[in-house]
2 protein chains.
Amino acid sequence: MARRRTTLKDVAEEVGVHTSTVSRALNPETRHFIRPEVAERILAVSERLNYRPNAAAYSLRTNKTRIIGVVIPDIANPVFPPIIRGIEDVLSERGYLAILVNSEPHNARHGAVLDALQSRGVDGLIMASLELGDSIIRGMIDDGLPAVTVNRRAEDADVPSVTNDEDQGMRLILEHLKALGHTRVANLAGPQSISTGKERFEAFRRHARAMGFDTSEDLVVFSQRLNEAEGERCAAELLDALSGFTAIVASNDRLAVGAISLLRRRGIACPAEMSVTGFNDMPMVDRFEPPLTTVRVQQYEVGRLAASMLMKRLDGGELEPSEEHIVVPVELVVRASTARVR
Amino acid sequence: MARRRTTLKDVAEEVGVHTSTVSRALNPETRHFIRPEVAERILAVSERLNYRPNAAAYSLRTNKTRIIGVVIPDIANPVFPPIIRGIEDVLSERGYLAILVNSEPHNARHGAVLDALQSRGVDGLIMASLELGDSIIRGMIDDGLPAVTVNRRAEDADVPSVTNDEDQGMRLILEHLKALGHTRVANLAGPQSISTGKERFEAFRRHARAMGFDTSEDLVVFSQRLNEAEGERCAAELLDALSGFTAIVASNDRLAVGAISLLRRRGIACPAEMSVTGFNDMPMVDRFEPPLTTVRVQQYEVGRLAASMLMKRLDGGELEPSEEHIVVPVELVVRASTARVR
DNA sequence: CTGTTAGCGCGTTCAC
DNA sequence: GTGAACGCGCTAACAG
């Protein structure tokens, strides 16, 4: 065991040709240079010797690793797995592999993590983990590293992105609530340092005004993070500060779930006394109690698109301006966390 | 942009020394060979020039990549994210990166995927994706590639593993059901080609017998896959074939969730008329309707342990026999999908 | 069509 | 302490 891996040279000697001939025969692109019978023999021998190309040597020579760095805040957050799966499916179809890294932008190690990726020579980067102020990704792109953002977008308009139609999603939610007779709804907004948080908040404000909802400033609370505990905290803040609102529009499902927990703890019935909406349609939220009314974003598709976009860049294709920022349509999924106002 | 990356040579020229001197100065292990003032200058310049070692060259030379392959069936299955996170956390503490691959053993591309990993020169492998008959991992270990399995285990006893205490879990569930007065319980077992499916089934049979449950063969149905749809299908099969049982013990949470869906569709109340138990305690099952009674496995911890085990192997340490197979304790989490039999 | 040559960037001998 | 030389395995340019 641990026997030396067979190299091009081993194959070449066995067949009685030069290594470069073997190299050409093994590469589909250059195989036609080689006489078919020789190629045949080379293939057979390399098979028999169980030849595996040495990726390090290949990379050193070509400056390509066929590895893509994928940076997300936290894989344990249920929004990400479908996105990752979409990314990985496209990459593997194309012979690429994904290095997965969990890191949040405000994490002390964030810069080091990206350095490590760059040092590994990844051919490209897919970032779900970035904040609006963020200059790191800018720097990497300036270093010549192709990068794309998923789910969130960068402040710089020239960082290609695949995101969801946040504006449309918020509009659908508010239309739904309006149809149910709500007029005073609170917004449990996300961190404004993240594009989704900001865009959803702004969409909420704009559409709420346009549709004639009560737009008092104090109906908005901003969360610091995007998890259930923070959803509970913010919902409590809202309930403690004011009353008379009949619905909570949360910036994402996890905040919504947290809010619902708090309502239950306080004995406020959802949806009978308070409607709650989410955003994302994470896996399984249809099985929650109550099943969550939310905006379905196409997580898997978004992942696929981001990876495809990066692949296209890597194929040397410049992106059309219309392809630089893909906004994927969303839809409203009405379940049981919203009800007609009493 | 896309300017050439700075290399050892660039730094060497700038400082006015030889590349090998720079190499030594930059490596903490060999830094003491270099005069402190020179080392200082080298550090400063390499910092200023933003020097990043070229991983391909390093690998070619040393035969190490500091990359670990992590192979799981499907990241979209909620059991895996916490495991992945555990793995990634210890790897990154140690300066390793993880290549994540989704692949099931019966998948046509499974072999190719593992080849790709081996070709990339990964330093080790963490496998959650394997079946009992599986010889692939055996082959890779024979090739000298350190490997560890998580969650499932291989048939060969000498493939190190980190798994959960399946036997204990099943015992706890059956004791719980017995205490609630159940005597006739069905087993929605997992595929017997997977170690967890087999061990949980065998534990069920053994403990059921020991505790005096009805052990008719027809109280068992074997699922082909581990998802909700299959849980529904198998539950239907059970209900169609016989009656008089008061609980369904599923081999994992997803099967249990599927079974509960089917019960609801047929108008059978859970837990009033039928208790259902899961296994794993996936994230969020506490928020389902009804909240699932299940066995909590320490997913994150299991991931950490597997990665630590691999790191130890890579440090050259042979594993103590007692460390070869770690079995992590589990606990019963009683929620609301089980009730006293009427 | 195939062989020769060169070099990717690095760590590691071996001299000095 | 430091420099020179070498080679890891591979592909690309150039000869023939």
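A quick note: this is a predicted structure, and the numbers were derived from the prediction, not measured. Every heavy atom of this structure was used, including side-chain atoms; hydrogens, water molecules and symmetry mates were not. Every chain is numbered from 1 and lettered A, B, ... according to where its sequence line falls, protein lines coming before strand lines.
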Task: Distance-only polar pair, side chains of B/S92 and A/R109, donor-acceptor under 3.5 Å - done: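 There is such a pair (donor and acceptor under 3.5 Å, judged by atom type) between the side chains of B/S92 and A/R109.
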
Open item on the list: Under a 3.5 Å cutoff, is there a donor and acceptor pairing between the side chains of B/N50 and B/R48?
Closed with: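 Not at all, the side chains of B/N50 and B/R48 share no donor-acceptor pair under 3.5 Å.
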
TODO: Looking only at non-hydrogen atoms, find the nearest pair between A/I67 and A/I99 and report the distance.
DONE: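 The pair with the smallest heavy-atom distance is CG2-CG1, 3.5 Å.
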
Task: Criterion salt bridge (Lys or Arg N to Asp or Glu O under 4.0 Å) on B/R152 and B/D134, from CA distance to verdict - done: CA-CA 12 Å; B/R152 302 181 186 174; B/D134 229 336; over 6 Å; no

Open item on the list: Counting only heavy atoms not in A/E37 (residues, nucleotides, ligands), do more than 12 fall under 6.0 Å from its CD?
Closed with: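 Yes.
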
Rounded to whole Å, how long is the line connecting atom [atom1] of [X] with atom [atom2] of [N]?
X: A/R35; N: C/dG3; atom1: CZ; atom2: C1'; result: 13 Å
X: B/R31; N: D/dG1; atom1: CZ; atom2: P; result: 15 Å
X: B/N63; N: D/dC8; atom1: CG; atom2: P; result: 11 Å
X: A/K64; N: C/dC8; atom1: NZ; atom2: C1'; result: 13 Å
X: B/R41; N: D/dG1; atom1: CZ; atom2: C1'; result: 14 Å
X: A/E13; N: D/dG9; atom1: CD; atom2: C1'; result: 13 Å

TODO: Sugar-phosphate means primed atoms, P, OP1 and OP2; the rest is base. With that split, encode nucleotides 10-16 of chain C 5' to 3' as B, S or - using protein heavy atoms under 4.0 Å.
DONE: BBBB---

Task: Pi-cation contact, A/Y96 with A/R66 (under 6.0 Å, within 45°) - done: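 Checked: cation-pi criterion met.
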
- [ ] Using five pairs at either end of the helix from C/dC1-D/dG16 to C/dC16-D/dG1, determine the angle between the two local helix axes and round it to 10 degrees.
- [x]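 Nearest ten degrees gives 40° for this helix.
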
Task: SB check B/E323 B/K312 (cutoff 4.0 Å) - done: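 Here B/E323 pairs with B/K312 in a salt bridge, since their nearest N and O are under 4.0 Å apart.
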
TODO: Check A/Q299, A/Q298, A/E93 against A/R304 for a side chain to side chain donor-acceptor pair (under 3.5 Å) and give me the one that passes.
DONE: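 Answer after filtering A/Q299, A/Q298, A/E93: A/E93.
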
Open item on the list: Just to be sure I understand the rule, does A/I34 reach a base, reach only the sugar-phosphate, or reach nothing, if contact means heavy atoms closer than 4.0 Å?
Closed with: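 Sugar-phosphate contact only - A/I34 comes under 4.0 Å of backbone atoms but never of a base.
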
